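Contents: one structure, followed by commentary.
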Amino acid sequence: QVQLVESGGGLVQAGGSLRLSCAASGLAFSNYDMAWFRQVPGKEREFRAAISWSGGTTYYAESVKGRFTIYRDNAKNTVYLQMNNLKPEDTAVYYCVGRISRGPVERMIRTYESDYWGQGTQVTVSS
């Protein structure tokens with residue numbers, strides 16, 4: 001049974017930082033590309049960042065470039081999202097997703113590209 005479990009969300013002031021973690025189990029993690037999405041109530045899930053199975057390739061949404069960093073530790077079956085200089089508009093539920101590696105990670109901007117989703121973790125940025 002595949003599980004993706006996010007942690008690290010919380011309440012932070014604008015300009016602050018958070019690091020999200022996603023622990024994967026039940027899959028061969030090093031064969032999977034991973035990504036982070038977010039969702040606010042009433043809106044569709046929105047791509048934030050993706051990373052290839054090896055960690056050698058990353059891809060970011062324009063709005064987070066220079067502020068967010070995605071990285072992974074295959075020995076720990078964990079992917080991270082370091083979020084710096086947070087803004088109130090970053091407030092959302094953040095989801096970890098994974099897919100068996102197949103083609104460019106940029107394709108993960110489409111939700112249908114993902115095979116597995118976590119339950120999400122709430123990030124709230126106060127002004």
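Since this is a predicted model, take the numbers as computed values, not measurements.
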**OP:** Check whether M34 and Y80 end up in the same hydrophobic cluster, where Ile, Leu, Val, Met, Phe, Trp and Tyr are linked by side-chain heavy atoms less than 4.5 Å apart.
**Re:** no

Original post:
Just one of V2, V79, N74, L27 clears the side chain to side chain contact (heavy atoms under 4.5 Å, CB included) bar with Y32, so which one?
Top reply: L27

Subject >> Partner residues of D73 under the side-chain hydrogen bond (donor to acceptor under 3.5 Å, both in side chains) criterion, sequence neighbours left out >> reply: none

**OP:** Identify the two heavy atoms, one from E89 and one from R38, that lie closest to each other, and give their separation to 0.1 Å.
**Re:** O-NH1, 2.8 Å

**OP:** Just jot down the side-chain contact (heavy atoms from CB on, under 4.5 Å) partners of S101, sequence neighbours excluded, or say none.
**Re:** D33, W53

Original post:
What residues form a salt bridge (Lys or Arg N to Asp or Glu O under 4.0 Å) with E62, not counting sequence neighbours?
Top reply: K65

**OP:** Check side-chain hydrogen bond (donor to acceptor under 3.5 Å, both in side chains) between R48 and all other residues, then give those that pass, not counting sequence neighbours.
**Re:** E46, S63

**OP:** Taking the side chain as every heavy atom from C-beta outward, state whether R102 and E113 have any pair of such atoms under 4.5 Å apart.
**Re:** yes

Identify every side-chain donor-acceptor pair in residues 11-22 under 3.5 Å, counting partners at least two apart or on other chains, and give the distances.
| residue | atom | partner | partner atom | Å |
| --- | --- | --- | --- | --- |
| S17 | OG | N84 | OD1 | 2.9 |
| R19 | NH1 | Y71 | OH | 3.0 |

**OP:** Give the minimum heavy-atom separation between V40 and A92, together with the two atoms involved.
**Re:** CG1-CB, 3.6 Å

Subject >> All side-chain contact (heavy atoms from CB on, under 4.5 Å) counterparts of N31, not counting sequence neighbours >> reply: A28, I100

**OP:** Check whether any side-chain N or O of T91 sits under 3.5 Å from a backbone N or O of V125 as a donor-acceptor pair, and report yes or no.
**Re:** yes

**OP:** With sequence neighbours excluded, tell me which residues meet side-chain hydrogen bond (donor to acceptor under 3.5 Å, both in side chains) with D90.
**Re:** R67

**OP:** Just grab all the ring-ring contact (aromatic ring centres under 6.0 Å, His included) pairs involving residues 84-126, residues at least two apart or on different chains.
**Re:** F37-W117

Original post:
Among all residues two or more places apart in sequence or in another chain, which pass the side-chain hydrogen bond (donor to acceptor under 3.5 Å, both in side chains) test with T57?
Top reply: none

Original post:
Which heavy-atom pair separates S54 from R72 by the least distance, and what is that distance?
Top reply: C-CD, 4.4 Å

Original post:
With hydrophobic residues grouped by side-chain heavy-atom distances under 4.5 Å, do Y59 and I70 end up in a single group?
Top reply: no

Subject >> Contact list for residues 9-29, test ring-ring contact (aromatic ring centres under 6.0 Å, His included), sequence neighbours left out >> reply: none

Subject >> Those residues that, when tested against Y60, pass ring pair (Phe, Tyr, Trp, His ring centres under 6.0 Å) (two or more places apart) >> reply: none

Original post:
Counting only heavy atoms not in Q119, do more than 12 fall under 6.0 Å of its CD?
Top reply: no

**OP:** With sequence neighbours left out, write down each residue that passes salt bridge (Lys or Arg N to Asp or Glu O under 4.0 Å) with E6, or none if nothing qualifies.
**Re:** none

Subject >> Heavy-atom closest pair, residues A35 and F47 >> reply: CB-CE1, 4.3 Å

